[in-house]
Amino acid sequence: MFFIFQLNPVVQALIATIFTWSITALGAALVYFFKKINKNVLDSMLGISAGVMIAASFWSLLSPAISMANNLKINAMFVISIGFISGGLLLFIGDKVMNRLQNKKGITTNRRVLMLITSITLHNIPEGLAVGVAFGSTLYGLDGATLMSAWTLALGIGIQNFPEGTAVSVPLRREGFSRNKSFFYGQLSGIVEPISGVIGAILVLKMRLILPFLLAFAAGAMIYVVVEELIPESQTNESKDLMAMFSLVGFMIMMVLDVLLG
């Protein structure tokens, strides 16, 4: 298993994002076995993943971005701030566009399905990018940029992808789609992660000067997803305080792994 750590960062990014995609498919596959998914289980996974992703946004992305900006003697405060807000702004604009399309009168079932798949797919792009950038940055020996932290980031995103796959396939099944079609469209929402992951890793390796911006961009996009999607969804649970504790547990897991293995 440890031979993976000897592979090129781009190859590792591909393997890691194939893993996150496979977890999406695993979540979508629940449509074959259950008519109803236990909400407490899914919400607790969302809470844990939110904590992991918040912690990873700093240790795996922002901290290395600041370190590299200082090494390159560029204005770290300006570059990191612009990159961070740009990542969130891109998803904000994407959400606004999708909401406007969804709110049009006379929307059909097929269009509702398309909106659902497109919305989750849009959020998966920066997640794949974040993993790719994290792996690519390990070559530069930055503080916080380690293979273990990159793999931990991929694990956190994978955990979050499980309920996302289910969130696509189960509603499609309710709309009258067959189990096979529901599964197909559910896993399809995660296929962009290997693509964006490889692109992110290649960009980092080929264009070192934009690495601080890319790292901050990925962090901003991830924080947006956490605040806009993961935490609110987990807080629809009746046990809101327990779901909040799961988020703290997720943050702690990432923090401990970073200290022990970073």
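- Scanning for ring pair (Phe, Tyr, Trp, His ring centres under 6.0 Å) contacts around Phe184 gives an empty result, with sequence neighbours left out.
- Hydrophobic clustering (ILVMFWY, side-chain heavy atoms < 4.5 Å, transitive): Leu248 and Met222 are in distinct clusters.
- Once rounded to the nearest 0.5 Å, the distance linking CZ of Phe58 with OG of Ser63 reads 4.5 Å.
- Looking at Trp21, its side chain does come within 3.5 Å of a backbone N or O of Gln187 through a donor-acceptor pair.
- Pairing each heavy atom of Gly128 with each of Ser196, the nearest pair is CA-OG, 3.3 Å.
- The hydrophobic cluster containing Leu89 does not contain Met77, counting ILVMFWY residues as joined when their side-chain heavy atoms lie under 4.5 angstrom apart, directly or transitively.
- Rounding to the nearest 0.5 angstrom, the gap separating the CG atom in Leu155 from the CD1 atom in Ile253 is 8.5 Å.
- Ile85 belongs to no multi-residue hydrophobic cluster, having no ILVMFWY side-chain contact under 4.5 Å with any other such residue.
- Here the side chains of Asn161 and Glu193 are in contact, with some heavy-atom distance below 4.5 Å.
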One pair to check against side-chain contact (heavy atoms from CB on, under 4.5 Å): Val10 and Phe135. What are the steps and the verdict?
CA-CA 7 Å; Val10 176; Phe135 276 100; over 6 Å; no
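- Rounding to the nearest 0.5 angstrom, the gap separating the CG atom in Leu215 from the CE atom in Met68 is 8.0 Å.
- Considering every non-hydrogen atom in both Asn124 and Gly190, the closest pair reads ND2-CA, 3.6 Å.
- Nearest approach of Ser22 to Phe19, heavy atoms of both residues: OG-O, 2.5 Å.
- Put simply, the side chain of Glu228 does not reach to within 4.5 Å of the side chain of Phe92, judged on heavy atoms.
- Looking only at side-chain heavy atoms (C-beta outward), Ser239 and Asp241 come within less than 4.5 Å of each other.
- In this structure, the side chains of Phe213 and Ile80 stay at 4.5 Å or more apart for every pair of heavy atoms.
- Between Ala50 and Val226 the shortest heavy-atom distance is CB-CG1, 3.9 Å.
- With rounding to the nearest 0.5 angstrom, the CZ atom of Phe84 is 10.0 Å from the CG atom of Leu61.
- Here the side chain of Ser86 pairs no donor or acceptor atom with the backbone of Phe217 at under 3.5 angstrom.
- Cluster annotation: Val52 and Met245 are assigned to distinct hydrophobic clusters (Ile/Leu/Val/Met/Phe/Trp/Tyr, side-chain heavy-atom contacts under 4.5 Å, transitive).
- Residues Phe78 and Ile66 share a hydrophobic cluster, clusters being chains of Ile/Leu/Val/Met/Phe/Trp/Tyr side chains in contact below 4.5 Å.
- Aromatic pair Tyr32/Phe183: centroids less than 6.0 angstrom apart.
- The heavy-atom pair separating Ala216 from Ala65 by the smallest distance is N-CB, 4.3 Å.
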Please evaluate residues Ser169 and Leu30 with respect to the criterion side-chain contact (heavy atoms from CB on, under 4.5 Å), reporting the C-alpha separation (whole Å), side-chain torsions for both, the decisive distance (0.1 Å), and the verdict.
CA-CA 8 Å; Ser169 63; Leu30 291 186; 5.9 Å; no
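- Ser189 and Thr24 make their closest contact through OG-CG2, 3.8 Å (heavy atoms, listed as atom of the first residue, atom of the second, distance).
- Cluster annotation: Met255 and Ile54 are assigned to the same hydrophobic cluster (Ile/Leu/Val/Met/Phe/Trp/Tyr, side-chain heavy-atom contacts under 4.5 Å, transitive).
- Residue pairs meeting the ring-ring contact (aromatic ring centres under 6.0 Å, His included) criterion with at least one partner in residues 233-256, sequence neighbours excluded, are Trp59-Phe251.
- For the atom pair CG (Leu129) and CD1 (Ile195), the distance works out to 13.0 Å, reported to the nearest 0.5 Å.
- Annotation: side chain of Ile74 is in contact with side chain of Pro212 (closest heavy-atom distance under 4.5 Å).
- Here the CG atom belonging to Asn75 is positioned 8.5 Å from the OG atom belonging to Ser81, to the nearest 0.5 angstrom.
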Under the criterion side-chain contact (heavy atoms from CB on, under 4.5 Å), I'd like the reasoning laid out for Phe162 against Leu26: C-alpha separation, chi angles, the key distance, then a yes or no.
CA-CA 7 Å; Phe162 186 88; Leu26 191 62; 3.8 Å; yes
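- Here the side chains of Ile48 and Ser247 are not in contact, with every heavy-atom distance at 4.5 Å or above.
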